[in-house]
Amino acid sequence: MLTIKNLHATVEGEEILKGINLEIKAGEIHAIMGPNGSGKSTLAKIIAGHPSYEVTRGEIIYEGEDLAEMDPDERARKGVFMAFQYPVEIPGVSNSMLMRESYNEIRKEQGLDPLDPLEFEDYITEKLNLVEMDAKFLERNVNAGFSGGEKKRNEILQMAVLNPRLSLLDETDSGLDIDALRIVSEGINKLSGKENAVMLVTHYQRILNYITPDYVHVLVNGQIQKSGGKELAIKLEEHGYEWVTAKTEVNGEAK
Amino acid sequence: MSDTQTIESMVKQPYKYGFKTNVEYDYFPKGLNEDIVNMISDIKEEPDFLREFRLKAYRNWKTMKDPLWANINYPKINYDDIQFYSSPKKKPQLDSLDEVDPEILETYEKLGIPLSEQKMLAGVAVDAVFDSVSVATTFKEKLAEAGVIFCSLSEAVQKYPDLIKEYMGSVVPYNDNFFAAMNSAVFSDGSFCYVPKGVVSPMELSTYFRINNEESGQFERTLIVAEEDSFVSYLEGCTAPMFSKNQLHAAVVELVALDNAQIKYSTVQNWYSGNEKGVGGIFNFVTKRGLCKGDHSKISWTQVETGSAITWKYPSVIMKGDNSTGEFYSVAVTNDKMEADTGTKMIHLGKNTNSTIISKGIAAGESQNSYRGLVKIGPNAKNSRNYSVCDSMLIGDRCGAHTFPYLEAKNNSSSVEHEATTSKIGEDQIFYLQQRGLDEENAVSLIINGFCKEVFKELPMEFAVEAIKLLGIKLEGSVG
């Protein structure tokens with residue numbers, strides 16, 4: 001579904017990604033872990049097409065197409081979804097209005113008729129239960145006055161509504177208390193299946209108690225230093241990121 | 001193309017009301033002096049009280065100076081070079097549309113304001129003011145059945161001189177300020193509306209102002225009087241052709257609400273704003289004021305200001321009656337080299353008076369957008385309240401948004417709340433919406449409409465649709 005080859009990227013002239021290689025297939029969950037500033041959030045933003053980042057080398061192939069050729073909205077309509085680490089507020093625009101506009105854009109792309117507000121209400125009501133959100137949320141302005149946990153749940157609600165092929169979850173677990181973490185994780189689990197894939201960017205291992213990744217990649221200093229199964233996350237939890245960095249340096253010296 | 005450039009390209013939309021109508025004008029000399037004032041009064045065959053009103057205003061104006069305190073910059077206006085009165089040659093016969101110059105009728109058709117009643121939007125009566133003169137008023141008979149008087153001001157002067165004498169200048173005195181005094185001396189025409197006691201106007205009333213003559217200024221007056229327990233909703237729209245010269249527009253609007261009466265006044269101002277280099281456009285200096293004269297009366301201003309090279313405008317409410325209410329809802333959009341200094345004055349005199357100010361300023365291009373508002377609570381206005389919100393949004397990094405709130409509270413039992421925010425239409429907001437599948441144009445338009453929602457919901461339905469479309473034209477388009 002997604003193939004990243006030798007990806008280099010800069011923001012304001014500074015190189016953040018220094019040669020990423022990654023293959024994500026349908027039905028898989030990949031966890032991208034790493035210390036602060038390692039470039040893991042950058043990776044998610046670049047796949048989604050954030051305009052602040054510039055790809056200097058390498059390529060990102062999604063469903064056989066080069067993403068570099070597509071605007072962020074085009075990527076979104078083709079099924080790339082990002083749950084934001086810091087979802088932005090849109091004053092005066094209700095949550096349900098945004099989600100309906102958004103869902104109808106994606107339906108249009110798929111050649112389906114748009115849903116009118118009443119049809120959409122039926123559709124979204126069943127999705128609300130998934131993240132244990134009250135219908136009142138729909139009438140509130142997008143993320144305005146939401147708590148940190150509510151914002152994150154709202155992102156997962158949008159994921160449920162839009163039913164993406166590839167979900168990029170950018171530190172969705174940060175700032176969540178235990179209950180919210182459970183709700184969000186269960187929601188993600190229910191939404192993942194054979195047809196879609198998840199790339200989960202996280203700093204902490206704890207969300208992996210709820211979501212079992214097929215692969216764990218450790219990103220340090222703009223490169224994937226180590227990849228493995230879910231046991232890698234547990235090792236990281238025990239030894240910390242220094243364990244990977246220290247090893248890298250040792251390898252460096254050994255050369 | 002960077003994001004900033006793309007957003008800026010969205011604000012560059014052609015002005016589609018910029019055509020000129022070819023009509024012949026009666027000759028009128030330029031400049032302003034007592035002879036000119038007398039000539040206007042002669043042409044209009046006015047009663048003596050009105051001639052005196054004009055002359056007093058003129059004499060006061062001569063002693064006054066252009067107000068320079070506003071945050072706007074414009075070349076000194078040469079008042080000797082302005083034609084203070086302009087009238088299409090064919091004398092309009094107000095009782096029949098057949099008598100109106102067909103060129104003018106066609107103009108209003110092109111503007112989307114058909115004046116023949118069969119084609120009219122049901123439920124909206126229109127007074128069409130072309131340059132200085134009211135050319136047609138629709139639905140007069142239907143309104144008359146309800147007892148509502150709606151006609152041109154000139155007609156009202158002839159038919160209802162007592163009402164004019166009683167109310168004209170009672171809210172905006174002839175010597176109120178430089179531009180109001182000028183208007184009082186030379187006003188050409190305008191709209192008059194009188195809603196008698198206990199009557200709810202059966203339809204929305206509207207005036208559509210069109211400036212057509214390059215050499216003339218436009219100086220109209222609107223007077224609305226709502227008697228006890230009455231209600232009227234009034235709409236005002238404005239456009240002008242594109243000229244490389246600036247035209248002066250100095251209008252006065254006076255509203256009077258008696259006990260339990262309610263006046264809702266909505267404006268969509270789309271005067272030509274000049275080109276992107278700042279050449280041409282209307283200088284819009286307007287004095288609008290409402291008097292809540294009676295207890296429990298309410299006056300509500302809603303304005304969507306999208307045009308004019310210079311805007312200087314502060315629709316205000318004097319809450320004289322106890323328990324009266326004043327409201328001001330405003331969206332002001334500036335782009336290119338436009339400059340707007342607009343806001344309101346809420347003057348609380350009666351007890352338990354209440355005012356609300358919601359101001360949304362959007363600045364793009366190299367424009368300057370200022371909110372200026374005064375909330376004044378007098379010593380006798382016990383238990384009064386004001387709530388103000390002033391939000392500004394910047395598009396791009398070459399424009400400016402400014403807020404100048406003034407507050408005077410003279411008693412202890414009143415409360416005033418003021419909230420202000422300035423935001424930049426952010427890359428992050430646009431990216432968020434794009435990530436949800438909306439293209440950049442839709443994303444910007446959704447953000448802008450959300451920002452203005454509190455104001456748009458105050459507009460009558462058809463006007464709200466018009467206003468949203470207008471903002472769309474101003475703020476989106478050629479992406480890519």
Side-chain angles (χ1 to χ4, degrees), chain A residues 44-54 70-95 97-110 114 141-144 151 154-155 157-159 161-164 166-168 170, chain B residues 1-8 329 331 358-362 389-394 419-459 464 467-468 471 475-476 479-480:
Chain A
K45 286 180 191 164
I46 286 174
I47 298 170
H50 195 288
S52 298
Y53 300 89
E54 197 189 343
M70 292 183 210
D71 284 339
D73 46 301
E74 209 180 333
R75 301 179 196 200
R77 290 194 295 267
K78 287 183 188 281
V80 176
F81 174 86
M82 179 161 125
F84 283 62
Q85 182 180 5
Y86 303 109
V88 299
E89 298 186 6
I90 317 276
V93 176
S94 76
N95 224 357
M97 183 181 171
L98 170 61
M99 278 189 261
R100 186 163 63 85
E101 289 263 325
S102 184
Y103 184 55
N104 280 337
E105 285 293 340
I106 285 162
R107 285 179 67 90
K108 199 161 76 185
E109 179 82 17
Q110 296 167 346
N141 291 337
V142 179
N143 294 318
K151 283 183 185 173
N154 197 34
E155 294 292 289
L157 174 63
Q158 296 185 42
M159 177 178 161
V161 167
L162 302 181
N163 191 24
L166 174 65
S167 298
L168 312 162
D170 188 7
Chain B
M1 190 180 249
S2 79
D3 247 55
T4 320
Q5 282 171 319
T6 323
I7 298 166
E8 280 176 10
Y329 300 96
V331 167
I358 310 282
S359 164
K360 305 279 179 175
I362 301 167
V389 178
C390 301
D391 296 330
S392 310
M393 182 178 270
L394 300 167
E419 293 172 21
T421 66
T422 300
S423 54
K424 213 171 152 174
I425 190 162
E427 204 175 54
D428 283 336
Q429 274 180 326
I430 293 173
F431 176 62
Y432 187 78
L433 295 178
Q434 280 190 288
Q435 214 303 304
R436 296 302 182 251
L438 279 67
D439 65 25
E440 187 161 6
E441 201 174 296
N442 276 335
V444 170
S445 141
L446 192 69
I447 293 166
I448 299 277
N449 285 334
F451 180 72
C452 301
K453 191 164 92 179
E454 287 162 281
V455 175
F456 287 161
K457 73 174 167 44
E458 296 297 325
L459 287 171
I468 288 168
L471 245 73
L475 293 164
E476 51 175 76
V479 187

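Just so it is clear: chains get the letters A, B, ... in the order the sequence lines come, proteins before strands, and each one is counted from 1.
- Taking chain B as the reference chain and counting heavy-atom pairs below 4.5 Å, the highest number among A:Leu98, A:Asn141, A:Leu162 is found for A:Leu98.
- Residues A:Pro72 and B:Phe431 share a closest heavy-atom pair of CB-CE1, 3.9 Å.
- In terms of heavy-atom pairs under 4.5 Å with chain B, the best-connected choice from A:Glu105, A:Arg75, A:Gln158 is A:Gln158.
- Separating the CZ atom in A:Arg77 from the CD atom in B:Gln434 is a distance of 9.0 Å, to the nearest 0.5 Å.
- Residues A:His50 and B:Asp428 come closest through the heavy atom pair NE2-OD1, 3.3 Å.
- Of the atoms belonging to B:Tyr432, heavy atoms from both backbone and side chain fall under 4.5 Å from chain A.
- Residue A:Met99 does not touch chain B at all, counting heavy-atom pairs closer than 4.5 Å.
- The two atoms that bring B:Gly437 and A:Ala76 nearest to each other are N-CB, 3.5 Å, heavy atoms only.
- Both the backbone and the side chain of A:Phe81 come within contact range of chain B, each with at least one heavy atom under 4.5 Å from a heavy atom of that chain.
- Side-chain contact between A:Asp71 and B:Glu440: absent, with no pair of heavy atoms (C-beta onward) separated by less than 4.5 Å.
- Residue A:Asn104 does not touch chain B at all, counting heavy-atom pairs closer than 4.5 Å.
- At least one side-chain heavy atom of A:Pro91 sits less than 4.5 Å from a side-chain heavy atom of B:Gln429.
- Put simply, of B:Leu433, B:Asp391, B:Ile447, the one with the most heavy-atom pairs under 4.5 Å next to chain A is B:Leu433.
- For the set A:Tyr103, A:Phe84, A:Tyr86, the entry with the most heavy-atom pairs within less than 4.5 Å of chain B is A:Phe84.
- Contacts of A:Pro164 with chain B are absent, with no heavy-atom separation under 4.5 Å from either backbone or side chain.
- Put simply, CD on B:Gln435 and CG on A:Asp73 are 9.5 Å apart, with the number rounded to the nearest 0.5 Å.
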